Amino acid sequence: MKTLQDRTMAAVGILLGIILISIVAGDRIPLSIRVFTFGIALQCVFFSVIQWSLCRSDNSRPWLIGWAAISTLMTIIVIGIIVLHFRYDNQEQLIAGMEPATALLVFGVTLTPFGYVFLWTAGFFRTIFPPGSSRRLAQLSEPDRDKD
Amino acid sequence: MDDYSLILWTIAAYLVSCLLIGAWAASKTKSSRDFFIAGKSVGPVLLAFAAFSTMMSGFGFIGGPGLVYKFGVSSFWICCPAILGFVVTSLLVAKRFKAFSDLFDILTLPDAVAVRYQSRLCRFLAALVILLGVTAYLGTNILAFGKVASTFFDIDFTWAAIGGMTVVILYAVFGGIIAGIYTDFVQGLIMAVASVALFWIALTTVGNDSFTAGPENLTRAFREHGLGEAVGPWGLLGPMACLGFIFLFALGGSGQPQIATKYLMQKDFRTVRWNLLIIAPAYTLCILLWMSVGFAMKYLVITGSHEELSDADHAAPVFLLEYAPAWLAGIVFSGLFAAIMSTADSFLNIGAGVFTRDFPKVFMRRKVANELSLARTSTVLLAVAATAFALWAKNHGDLIAILGTFGWGLFAAAFVPIVAIGFNWKRATWQGAAAAVVIGIVTNVGLDLLSKYPQGEPVYTIPGSVSIGAVALLASLITLIAVSFLTGPQKLDKRIEAAIDA
């Protein structure tokens, strides 16, 4: 495990193992603990994978901070749904005709991923496909192309 | 003209336009490169619509509302993470596939896998998974087409399925993936526009002609009839199942060959920048149809306005025929047939690649001389074999249903580790990739059989209604990471390293 990528992947493997245990353990672990564990580990897996896929230059830092901010917002929304649902089950108050937790799901979980879309579009040439990347590929692409 | 005739003519006009697209695409298809990856000439708008339509497919019209009818809000956790899934796929797969296809002769997903891992075993396993998955998807699509067409046109099921596949063969054989992409584009437009109209109609139906009263009427009716959980944030399946859906559908999209291979077709990666701005809003509009029609139909049933449906998958067709204007029903049914047919076309194309590119390279260690002819012949044979198999399996237990349920999960468990992870992580080895694919297949098939048999008293069911695909994906990812660390690092060609670093 010499590289940052390797260490990140080892961490992802451990997180995936935790998720698997939280699933197969079933009722041996209280539901609320399993849901929190699954939810948090899931966000960490996504962030680690994305971070490790892009964390190759200093240019990607603002992008990763943006991704982390949106992911944190998403985590807060999911935790909000869990709290609202478990604490105020079947309440009378409705928001836009829905239970508060369902309304948070419909508006929060649907719209938040647009933040990632914005990041992708806005940071495309700075982080996803910087000019150096396209030049390197162009240099390598023509000679002995059909050798595989 | 009565309503039925209007719907019929709309569908007929649409099918004819599909055949015309096929004929036009045939004139553009001159090589296997055109046949499989559209000559790497697909621009951002077409690519975005093709990826989105392939993802939504007939499932968005029929299966989605059916799941809402059956499980309530739980279904929301399937369609909602898909937007995140497109972002993840774009990040992990789009750029790598562009880089690999620029550097190597790659037309199929197993081509890419063979290049990345320098392994014929990995190519063989990838091809095997594709054949299994393609059989599953083609089988379910043929049966879906037969089901809808035989009911709608009042003809024999077998003839309906054969008729549908004949149209598919005609435009898939001659037009290749180019025909599929343009049909996907039209289908995507129809779905996005029709979804808004149907959303409006569904909520005004539930709200007694008031759009804004719709959600409240729905929530209160569900609670009054003891179905409050269905309109809660987790629906009837519970939180663990919903989190499993996020994992499977946000990460699993990057392992679907019908989506991943679309990124081999890009003309210029720089234009992919705009893809997500098209995909995300279009997909969000389709979520409106998915959720509102399923809920509206359930509302009508529980309030006694409509009799109980014999099958949850009838929710959308029944709503369209009985509650939507005929012109809209005609357009949506056309979109439905187009979705099924373009999906079948995509899978036939991917399956033909196995016989044209992958098996010859695995077993004969060389390319065949005339790939385009073999691709067209393979498409016909695969379509005929899949139709025969689907019709046979329909009368022999629930084989197609078993295959159909793990189609997405099988592709996710097999390909997310070796494609989405392995194309970004240099330390991933061919042994890890091969082990991950095998574990993906075994876990999917094994858990599916254990959870179904013996009937009534299955050996094992996953706690919390978590989907089999999610558990299989977890198992295969862990396998890739563990086996790759346990085996020695693989020496990579400098161009492979460059493609991974790009």
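In this text the structure is predicted, and so the values were computed from the model without any measurement. Quick note on labels: first sequence line is chain A, next is B, and so on, each numbered from 1.
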(request) Answer with side chain, backbone, both or neither: which region of F46(A) has an atom nearer than 4.5 Å to a non-hydrogen atom of chain B? (result) side chain
(request) Please check if the side chain of T102(A) supplies one atom and the backbone of V231(B) the other of a donor-acceptor pair under 3.5 Å. (result) yes
(request) Could you tell me which portion of A96(A) (side chain, backbone, both or neither) has an atom closer than 4.5 angstrom to a non-hydrogen atom of chain B? (result) backbone
(request) Could you look at S22(A) and say if it's the side chain, the backbone, both or neither that has a heavy atom under 4.5 Å from chain B? (result) both
(message) Walk me through whether V24(A) and I462(B) qualify under side chain to side chain contact (heavy atoms under 4.5 Å, CB included).
(response) CA-CA 7 Å; V24(A) 295; I462(B) 302 169; 5.6 Å; no
(request) Report the C-alpha separation of L31(A) and M240(B) in whole Å, then their side-chain angles, then the decisive distance to 0.1 Å, and conclude whether the side chain to side chain contact (heavy atoms under 4.5 Å, CB included) test is met. (result) CA-CA 8 Å; L31(A) 180 63; M240(B) 290 300 282; 3.9 Å; yes
(request) Measure I82(A) against the heavy atoms of chain B and call it side chain, backbone, both or neither at under 4.5 Å. (result) both
(request) Show your working on side chain to side chain contact (heavy atoms under 4.5 Å, CB included) between L16(A) and F247(B) and close with a plain yes or no. (result) CA-CA 11 Å; L16(A) 293 170; F247(B) 177 67; 4.0 Å; yes
(message) Nearest 0.5 Å, please: how far is NZ in K426(B) from CD in Q5(A)?
(response) 7.0 Å
(request) Would you check if the side chain of R273(B) reaches a backbone N or O of F124(A) as a donor-acceptor pair within less than 3.5 Å? (result) no
(message) Name the residue from T3(A), T8(A), D6(A) that meets the side-chain hydrogen bond (donor to acceptor under 3.5 Å, both in side chains) definition with W425(B).
(response) D6(A)
(message) Is I421(B) close to chain A through its backbone or its side chain, or both, or neither, when contacts mean heavy atoms under 4.5 Å?
(response) both
(request) Answer yes or no: is there a donor N or O on one side and an acceptor on the other, between the side chain of E99(A) and the main chain of T219(B), under 3.5 Å? (result) no
(message) Distance check, rounded to the nearest 0.5 Å: L105(A) atom CG versus C80(B) atom SG?
(response) 6.5 Å
(message) Counting only non-hydrogen atoms closer than 4.5 Å, does I23(A) touch chain B with its backbone (N, CA, C, O), its side chain (CB onward), both, or neither?
(response) both
(request) Please check if the distance between the ring centroids of F86(B) and Y116(A) is under 6.0 Å. (result) no
